Participant: 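Take this structure, written in structure tokens, and hold onto it; I'll ask about it next.
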Amino acid sequence: MTAASIVSSGRPLRLALGNRRALVALLLLAPALVLYVALYFVPLFDFLSLSVVDGGLSTAHFSTLLDMTYLSVLWRTLWMSALVGAICTALGFPVAYLMSRSSAIGAAAIGACVMVPLWTSVLLRTYAWTVVLQYRGVLNDLLLTLGLIDQPLRFMYSKGAVITVMVHVLLPYVVLPLYTNLASIPRELPTAARGLGATGLRIFIHVTLPLCLPGVIAGFTLVFVLSTGFFVVPSLVGGPASMMVATLIGREISENLNWAQGAAMSVVLLATATVCLAMLSRLRHMDKRQGSAA
Amino acid sequence: MREQQLRLADDRTARVAGREMRVEAVSKKFGQAVAVDDVTLGISAGEFVSLLGPSGSGKSTLLMIIAGFEQPDSGELFLGGERLTDIPPHRRNFGHVFQKYALFPHMTAAENIAFPLKMRGIEKAKRGPMVANALERMRLSALGERLPHQLSGGQQQRVALARAIVFQPALLLMDEPLGALDKKLREEMQIEIKQIQRELGITVVFVTHDQDEALSLSDRVAVINQGGLSQFATPRELYDRPSSRFVADFVGDNNFFPGQLIATAGRKGQVKLDGGKVLAGQLPEGKSIALGAKVEIAVRPEAVSLNSKPDSRVSGTLIDVQFTGGTTTRIVRHASGAIYLSRALSAGSHAAQGDAVSLQWDETSAFIYPADGRA
Amino acid sequence: MKVSRLVQCIAWAVLAFLVLPSLLIAFMSFGTDPYLRFPPRGFTFDWYRLYFSDADWQSATLFSLKIAIVAAVIAAAISLSTAFGLERVSNPRLKESLRLVLLSPTVVPGIVSALAFYKLFSAVGLTGTFLGFVVAHTILATPFAYLCISSQLHAYDRTLETAARGLGATRLQTFIHVTLPLLSPSIVIGAIFSFLVSFDEAVVSFFISDTQGKTLPRKMFEDIDFSVSPVLAAVATTITVGTILLLAVITILQNRMKRIPSQQKE
């Protein structure tokens, strides 16, 4: 093409550039949009809409959720998730703290201990725990050998087992945001506080803790939300008395073929997750704005 | 044809490669903000031109327009009479050296230099000698296989320069290329750039906010302020005859005495200073200032000498004497609080710190400018 | 400031809690007894041999591998396209909404996604099929690939593209010679994460598998309940080692990415 031909077509081309840009953007976004809308959002909506259909439109399936059987599972899911969140935060904090105060190699080693479990299948880790917690499992063997017990104990299929394994699976989700948060706190700050006469515990309460509160809240919320939807762990190491809502939804559909009731519970579960995560993201925005104002 | 153009031939053929670059009435807005305001420039073949201005003055935008990365809202660009405005950047055949070198981190120094040749479809066999030649010219022969992060700042800078000239560009554009280097290295690179420009006879447009750099390197300097062209002249002219208050202030040091224009006679004007004293100075060429207008008289520190006998002129207290190697600068505080400078080669006046002094200068080195005038 | 002894002890105890179960399994998978016991007696590779020779385990493993590879490649390709597409969207609200659409599978609980796919796939006969798994896993894995690629796209110095254009490269040449090579580590990392998400995915697989088409996690899900066979420990250890190797590759690539100059200005 010669310069002249470019010149002659130049001006209109420049005007059309805005539209071309939009077209290119649309073409680039099309694969994701088609895949997500046609094969994800439509099926999701199709499934969830079963919850409001009972002949005609109806809220009957949601009223049924107020029955004791459902309500007790929902309630148990909430408190167990909150407990798992709290334990994870409590146990994750020392790890994140140590990681943020370690040398590069130390931090990398701790990071590997956290990242490898994070990316190892939940199923495998649950399996490992069944081997440990079984009636003839590692833990009972150990306790018997040490002479601490005379008879094997029943660890499996209890709330304790579910909580232990969920804490194990979800711990990395607290450690990583907390670490990012703690690593961003200038190291001089606690030293400065010490220079001003504060002691160890006071420094922690008045300086470190307030500064890493965003990380604590983020980690806790993340674990809480993930816990409420947990399926694998409660199904494998839990029993009827420790059933959580995701397992109940699965049973309702695969055993009782009660799709509508499963859908209604799914709506509740999804709503809980969405509200918690929306609150978290709003909190983060506020935090960011405060940060920039200061 | 193309190959012929591109062959790194001996310097004599390269010297005739340049063509005149013209920027005509170019303007560019970003939203409401005017980035470039009606700029017209003619850059001769083989000339080294700097675009000098404070940060945010629009000099980089102007360079981006010349390069083709930004489209002007109005105005045209010509290269040797050929209209350039709508030609996309990759077909303009200009060399670029970017602020932070912009070397491709995944390519070796040699691959970086070969990149523009590869993009022009030059065969691999021909690329080799051209790259080797460019590496040699930049004293980089031993470093061709290194990745950019294995090179020092100065070496990276030379790779960037080699990459920009290896294909014999019609114009070499440089955007604050020395900003990231320390002072000593910067001065070495300045000499190197100037030498290569002379050898190749290449036309250079060089953006900088550093006036010393602009004055020492350039054949001509375009001073840009708030998007507009304040003055386009040789370094000497720019320093001796600044065309506006802005240029007088931005280029070199200057003493300013505010007042009111009370009389004119030809190119001479009388200014009544705020303190009541009346001083004479030169009026700017081609511009008329209304009688009674607020003006400022500008006098370079080198033109000012100090007299220990207070007289009818501007006077003050000598508060400091700074010896800076080649010159000595004396700092005088006026009763109003204003600070004035006097600079001399030798020790000059014998006045001591704390003495009352008066400032003297030749009328021909005092220039009158409208106060706060932009152009 | 030094970390106090007590905090250090707690931290190491927690890390041990994280790592020990998998180590125990690895240790026990070499025992000669036909059931898992601690401490294991003897030493044998039999359980690994059994895993690699058993037809059921083999077919489930190959099925999972094929699904994960295809899902990872598609997820990376879609993420790349989307990352560039979103960059061209100037309206910040629209941009944020589109991002949320893409990240939504990480917000929706696994069981809910699983049942949505289950209902759709039962209706159109995709349960237990390669295509069904690829569709579901691609959707679940794309957010992870997208996050990797888009963060690198925002991080690296875009003046390199300008430089390429100025040196005579067309848009396409710039993309091929500059943008793509600079993004490639993050594309590979994104694909590996997507692979892991798909390969380990258990909840959706639990519902959309059938007797013919089942993935490795689904097969393990069935076996955990009924057997204490050391084969399962061998399978688990094999997968864990594979995961560690892939994470090592990711770490190497991440270190390489640190060399690419970032966009921040001094």
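When reading the values below, keep in mind they use all heavy atoms of this one structure, side chains included, and skip hydrogens, waters and symmetry mates. Below, read A as the first sequence line, B as the second, and so on, with proteins coming before strands; counting in each chain starts at 1. Just so it is clear, the structure is predicted and the values come from calculations on it, not from any experiment.
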Participant: Looking at A/Thr228, A/Asp141, A/Val138, which one has more heavy-atom pairs under 4.5 Å with chain C than the rest?
Facilitator: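 The answer is A/Val138.
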Participant: Check each atom of C/Phe206 against the heavy atoms of chain A and say whether the ones under 4.5 Å are side chain, backbone, both or neither.
Facilitator: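 Just the side chain, heavy atoms under 4.5 Å.
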Participant: Are any of the side-chain nitrogens in A/Asp46 or C/Lys119 under 4.0 Å away from the carboxylate oxygens of its partner?
Facilitator: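 C/Lys119 and A/Asp46: salt-bridged.
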Participant: Hey, can you tell me if A/Trp129 and A/His168 have their rings parallel, tilted or perpendicular (30° and 60° cut-offs)?
Facilitator: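 It falls in the perpendicular class, over 60°.
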Participant: Classify the angle between the aromatic ring planes of C/Phe144 and A/Trp119 as parallel (below 30°), tilted (30 to 60°) or perpendicular (above 60°).
Facilitator: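 Rings of C/Phe144 and A/Trp119: perpendicular, as their planes differ by over 60°.
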Participant: Looking at chain C, which one of A/Gly92, A/Gly229, A/Ala128, A/Cys276 has the largest number of heavy-atom pairs inside 4.5 Å, strictly under?
Facilitator: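 Among the listed options, the one with the most contacts to chain C is A/Ala128.
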Participant: Please confirm whether the backbone N or O of C/Ser205 pairs with a side-chain atom of C/Glu201, one donor and one acceptor, at under 3.5 Å?
Facilitator: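 Side chain of C/Glu201 to backbone of C/Ser205, a donor-acceptor pair under 3.5 Å: yes, one is there.
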Participant: Given a strict heavy-atom distance threshold of 4.5 Å, which part of C/Leu120 is in contact with chain A: side chain, backbone, both, or neither?
Facilitator: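 The side chain, not the backbone.
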Participant: Of all of A/Thr247, A/Leu91, A/Leu26, A/Thr274, which one pairs up most often with chain C through heavy atoms under 4.5 Å apart?
Facilitator: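 It is A/Leu91.
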Participant: Evaluate the ring planes of C/Phe117 and A/Tyr40, with Trp represented by its six-membered ring, and classify them as parallel (under 30°), tilted (30 to 60°) or perpendicular (over 60°).
Facilitator: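 C/Phe117 and A/Tyr40: tilted rings.
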Participant: Given a strict heavy-atom distance threshold of 4.5 Å, which part of A/Leu35 is in contact with chain C: side chain, backbone, both, or neither?
Facilitator: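 Answer is both: backbone and side chain atoms of A/Leu35 are under 4.5 Å from chain C.
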Participant: Can you tell me which portion of C/Ser81 sits under 4.5 Å from chain A's heavy atoms? Options are side chain, backbone, both or neither.
Facilitator: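 For C/Ser81, heavy atoms of backbone and side chain both lie under 4.5 Å from chain A.
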